[in-house]
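Given the structure is predicted, the values throughout are model-derived calculations rather than measurements.
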Amino acid sequence: MHVILLGPPGAGKGTQAALVCEECKLIHLSTGDLLRAAVSAGTELGLEARSYMDRGELVPDSLVLALLRERFEAAGDDTGFLLDGFPRNVNQARALEEQLGEATIDHVVYLQLEDEEILRRLLGRGRPDDTQAVIRNRLEVYRAETEPLAAWYRVRDLLREVDALGTIEDVRQRVNRGLGRGSGATAEAGKKE
Ligand code: AP5
């Protein structure tokens, strides 16, 4: 199974990704985590990416795509994966289609959450890019660059809209239904969970 988790910062992509990957035995590919690891390791790519991340801007596509390509090659063709935080714009979505070739995306789970709750969650977490000003910028970048991908995947009949408000367990059950798993499962395109 090949899954994309789409949604604003703080919607719970990383949290739900870990649960789905554990349950479905998928590889969790988080570009945010990969970039933070490169920053911590002090690699050339990490040094370049850092200033963008600190400001809440998207890291240039060339860097992100290079990082992800390495991971795809290491994983091989037959492995199921979940992409968390990628693609982030239409250019990345096109690059993903080219990279996958015959392999298709099965589901795009679109976590939706209001800004007020996003701010509450992220200010409570305290990652270096979780300051009020940087969160505001991440949200603006999200609306401008990433949110249009919902329409991109809706026309491809892949979008599963999920309400991300509620407990982690509530959201987990909705995500599972969106993936066509669990009781009352529905994988209908565009169906709101
Ligand atoms: P990235 O790491 O992808 O961050 P993000 O999209 O801003 O998302 P977050 O990690 O903040 O939130 P999340 O939705 O994963 O929520 P989480 O589960 O953590 O990207 C960071 C930066 O890297 C970007 O700004 C950019 O610079 C760069 N980058 C990354 N990918 C890129 C790409 N493809 N192209 C270019 N640049 C890229 O949850 C958040 C908090 O809420 C946690 O504390 C969690 O415990 C809590 N929580 C989760 N679920 C619930 C719940 N149901 N109820 C209450 N609390 C909850």
Side-chain angles (χ1 to χ4, degrees), residues 1-101 103 105 108-109 111 113 118-119 121-147 149 164 168 175:
M1 182 160 66
H2 299 147
V3 178
I4 292 174
L5 270 191
L6 185 67
K13 301 183 297 295
T15 304
Q16 295 299 326
L19 296 171
V20 170
C21 288
E22 169 74 23
E23 284 176 34
C24 301
K25 306 290 171 237
L26 302 178
I27 294 182
H28 180 186
L29 293 170
S30 157
T31 43
D33 287 350
L34 291 173
L35 287 164
R36 279 183 288 278
V39 170
S40 297
T43 65
E44 200 177 321
L45 189 151
L47 291 175
E48 209 177 322
R50 183 177 187 159
S51 64
Y52 295 94
M53 298 172 78
D54 286 347
R55 284 179 281 127
E57 300 288 335
L58 292 187
V59 172
D61 291 347
S62 56
L63 298 184
V64 175
L65 292 170
L67 203 56
L68 205 58
R69 203 168 295 123
E70 264 177 39
R71 291 298 160 136
F72 273 129
E73 279 162 15
D77 289 342
D78 297 332
T79 322
F81 60 76
L82 180 150
L83 286 164
D84 159 12
F86 182 94
R88 258 335 209 258
N89 58 29
V90 168
N91 186 46
Q92 293 184 5
R94 283 208 183 93
L96 179 64
E97 283 185 354
E98 280 169 28
Q99 171 77 34
L100 291 180
I105 295 295
V108 178
V109 175
L111 295 178
L113 196 62
I118 287 173
L119 276 162
R121 288 186 189 177
L122 294 184
L123 290 172
R125 179 177 62 180
R127 213 168 65 189
D129 58 345
D130 285 342
T131 63
Q132 189 122 11
V134 178
I135 295 167
R136 292 271 177 217
N137 195 38
R138 283 159 66 196
L139 281 168
E140 274 181 32
V141 169
Y142 171 77
R143 306 274 179 240
E145 300 273 333
T146 311
E147 204 170 52
L149 289 178
I168 290 172
V175 168

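- Residues T146 and L6 form a side-chain contact, since some pair of their non-hydrogen atoms from C-beta on lies under 4.5 Å apart.
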Could you tabulate the donor-acceptor pairs under 3.5 Å formed by side-chain atoms of residues 44-54, not counting sequence neighbours?
none

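- Counting all heavy atoms, side chain and backbone alike, T131 lies closest to P128 at CG2-O, 4.1 Å.
- Annotation for A17 and H28: closest pair CB-NE2, 3.4 Å, computed over non-hydrogen atoms.
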Check your understanding: When you look at R127 and L122, which way does the side-chain contact (heavy atoms from CB on, under 4.5 Å) test go after all the steps?
Key -> CA-CA 8 Å; R127 213 168 65 189; L122 294 184; over 6 Å; no
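- Of all heavy-atom pairs spanning F86 and I4, the tightest one is O-CG2, 3.7 Å.
- With respect to D130 and R138, a salt bridge is recorded, a charged nitrogen being found less than 4.0 Å from a carboxylate O.
- How far CG of D84 is from OG1 of T15: 9.0 Å, rounded to the nearest 0.5 Å.
- Annotation: side chain of V175 is in contact with side chain of L111 (closest heavy-atom distance under 4.5 Å).
- Atom-to-atom distance recorded for D129:CG and E57:CD is 12.0 Å, nearest 0.5 angstrom.
- Taken to the nearest 0.5 Å, the OG1 atom of T43 stands 9.0 Å off from the CG atom of L35.
- Under the 4.5 Å side-chain criterion, counting only non-hydrogen atoms from C-beta, K13 is not in contact with V109.
- Of all the heavy atoms in L149 and P87, the pair that sits closest is CD1-O, 3.3 Å.
- For the pair L26 and F81, the tightest heavy-atom approach, listed with the atom from each and the gap, is CD2-N, 4.0 Å.
- E145 CD to L58 CG: the interatomic distance, rounded to the nearest 0.5 Å, is 5.5 Å.
- With rounding to the nearest 0.5 angstrom, the CD1 atom of I27 is 9.5 Å from the CZ atom of F72.
- Checking side-chain atoms of N137 against main-chain N and O of R55 turns up a donor-acceptor pair under 3.5 Å.
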With a cut-off of 3.5 Å and sequence neighbours excluded, list every side-chain donor-acceptor pair involving residues 92-99.
from	atom 1	to	atom 2	distance (Å)
Q92	OE1	R88	N	2.8
Q92	NE2	D61	OD1	3.0
E97	OE2	R156	NE	3.1

**Study point:** From CA spacing to verdict: side-chain contact (heavy atoms from CB on, under 4.5 Å), L67, T31
**Key:** CA-CA 8 Å; L67 203 56; T31 43; 5.9 Å; no
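- Shortest non-hydrogen contact noted between M1 and C24 is CE-SG, 3.8 Å.
- Qualifying salt bridge (charged side-chain N to carboxylate O under 4.0 Å, His left out) partners for E147, counting only residues two or more places apart in sequence or in other chains: R143.
- Between I135 and P9 there is no side-chain heavy-atom pair separated by less than 4.5 Å.
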